[in-house]
Every structure is written in C-alpha cells, then in structure tokens.
Amino acid sequence: MIDLVATARSFFAPGKGILAADESVASATKRLAAYGIGAGEEIRRQFRDLFLNAPGAEEYLSGVILFSETLLQKGDDKKLFPDSLSARGIAPGIKVDLGTEPFPTSPNELITQGLLDLPARLSEYKKQGAVFTKWRAVVRIDGDQLPTASAIHENAKRLASYAKEVQSAGLVPILEPEVLYEGKHSRARSREVLAETFGTLFSVLAEHSVDPASVILKTAMALSGKESGKQDAPDEVAEDTLTVLMETVPKQIAGIVFLSGGQTPDQATENLAALARAARAMNARWPLTFCYARALQEEALALWQGKEENVPAAREAFIKRLAKVSAALS
Ligand code: 13P
C-alpha cells in the first residue's frame, strides 16, 4: 500500500516543487489563444509535451498536476505522459474537480463541482498512474461584500468531502481554496479573507475527520489586488502570508504550496524567495514550495508560438525559470 504521508512529504524535497499543467480544455484553449496559438487536441498534446518532456525538468520538479485528457496522451517519444514522468522521478497528479458553478444563494460567487462520480473517477485515474490529486475552489474578493461566510463554508465542505474520498482511494489530496488576486482590494483585506478561508476550511476538515498528515494546502499569497494600483514589496507579502498561515493552519499538515495567480514570473519568484526566507526566520512548522502554472509557463509559451522549430528555445526558457524558482527556495 502507498504511504500517503511519505508521498505528500516527497513533494517538498529540497529545491523541488510542482508544475500545475492541469488547465482544462477551455482554460488551455484560452491560454494558447492569448499567444496566438490555435485550438484542438493535437496542439494541446504538443503544449503538454513542451513542458512535460523538457530535458532537465526532473532536477526541479517533484510532481506535475495533469488534466484528465493528458493522462491518456503520449509525448513525441510515444510514451504515455504519466509513464515518462514517473520514469524520471516526477509524480503524476490529476485535477479532479469539474470546475465551478454559481452559488445559488449568492450567484456572484462560485462553488466547485465534481463530487458526484468522484470515487469511480479516482479509481480510473489511479489505474492511469496518478498518485495525487487537486481540487480548486475560488474565493473572490469584492470590497466588504464578498466573499460571504456561506460560500466559504460550502466550498470548505466540498473540499473536505473531496479530501476524504481521495484519502480512502489511496491518493494524496491537494486542497486549493484560491483567494483571487483579481480586484482592487488591499493586502490587508486579502490577508483577512485568507484567514477566514483557512479558519473555516480547517475546522470543517476536522469535523469530517480528514487526516491532516497527508493534506497539502495550495494557496495564493497575501497580495494587494491586481487592479489596486499597489505593488507589494516581497517582504511585506511574505510577512502577511506567513503570519496568517501560522495563525490558521494546523502544524500536522504535510506542507503548503503556492500558486502564482497571475503574478509575473519575476514577481512570483521574488515573493517565493521572501516567503522561504521568512519561513526559516519564523521557524514555520510545515515545508513550503511552489505549484505554479502561469509563472512557469508564460515565458516559454511566448517563445514557442505553437511551432516545432521554437521548441528548444521555449524549453530553455522554461528550464531557466524553473532554476530561478528552485533557487528561490534556498
Ligand atoms: P497559476 O500558478 O497560474 O495561478 O496556476 C496554479 C493553479 O493550479 C491554479 O489552479
């Protein structure tokens, strides 16, 4: 039987982190279109191959989160992506939520769906090579109005049900209640919402008897909203983020990973470096690392443009960014 706690901890090996390559078909299509790249299953396969089969990525990656389509696709080497990742010591994971829907009693907020057929899907994903999973909930800040306590609570209940199912299927759960960077809010408001989100989440997880030891929390950093006109200094971000985590996250969980959330690659790298420094200074009780999508992929996508001849340059940019993000941890 797989040791869930050891697997969960393995993502935090020194200098290593996770690539989130789990954009749904709709999100991947939108992401590629932003770089003038076309749509369709084959171009998405090439998009995945660009990153998943980049030589040297294994030096920096302990895991990759995939989308269900990718579990069944092959790289240019004709090997299934989960097999070639595993062979290089990178654990394949899978996004298992099925996206969001409006919350009926507060329709400007979103609730994550995907619990109904989850056990059957988990057993398929496991057969296809996945060893860990992710479920994302979205928390939108709008002044003092949003989020509502009831939307935070409903998303927390679903995260808890997800975590229970995943643990009993023998897989590691990553719980991602993403407090969005989009908005005009202050960093203080972001910090307040993070505190409320984690406070609710961890009390609901305890009520549902979720074992914290194999739980990984994936979170945004405490940031002033992207449209606030304010750019936070990395030390401010690190202090606020870690303070709220220390106050609300139980010491028993396996670790904490950060999403990039729309920060530039440099911003996500510098903030991670400040977080790692502050975590050492504050004697943080859990390990920390990155679990980025955009901050790791952006520069490579701009160079790739969907063209085979640009693959080497795009992969070089990806590996350079990985090396910087990895160095930020030490
Ligand atoms: P970003 O790093 O682009 O925010 O993506 C991480 C992720 O998995 C969001 O769900």
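Both ligands and their constituent atoms are indexed starting at 1 by order of listing.
- A heavy-atom separation below 4.0 Å is found between K134 and ligand 1.
- Between E236 and K230 a salt bridge is recorded (basic side-chain N to carboxylate O distance below 4.0 Å).
- Residues L146 and F198 do not share a hydrophobic cluster, defined by chaining ILVMFWY side chains whose heavy atoms lie under 4.5 Å apart.
- Under the 4.0 Å criterion applied to side-chain N and carboxylate O atoms, D76 and R45 are assigned as salt-bridge partners.
- For the 3.5 Å distance criterion, the side chains of Q167 and D211 fail to qualify, holding no donor opposite an acceptor.
- Heavy-atom contacts from other residues, nucleotides or ligands closer than 6.0 Å to NZ of K164 number more than 12.
- Here is the list of ligand 1 atoms found below 4.0 Å of a heavy atom in L259: 2 (O), 4 (O), 6 (C).
- In this structure, the protein non-hydrogen atom closest to atom 2 (O) of ligand 1 is S260 OG, 2.5 Å.
- The single protein non-hydrogen atom nearest to atom 3 (O) of ligand 1 is R294 NE, 2.7 Å, given as residue, atom name and distance.
- Here atom 8 (O) of ligand 1 lies nearest to K218 when heavy atoms of E176, R136, K218 are compared.
- Geometrically, ligand 1 and Y292 share no nitrogen or oxygen pair separated by less than 3.5 Å.
- Close approach of ligand 1 to A20 (heavy-atom distance below 4.0 Å) involves ligand atoms 8 (O).
- Classified by interplanar angle (parallel below 30°, tilted 30° to 60°, perpendicular above 60°), the ring pair W304/F47 is parallel.
- An N or O contact shorter than 3.5 Å links A293 to ligand 1 by distance.
- For ligand 1, the polar-atom distance check against G261 finds a nitrogen or oxygen pair separated by under 3.5 Å.
- Considering R121, K127, K126 in turn, K127 is the only one that fulfils the side-chain hydrogen bond (donor to acceptor under 3.5 Å, both in side chains) rule with E124.
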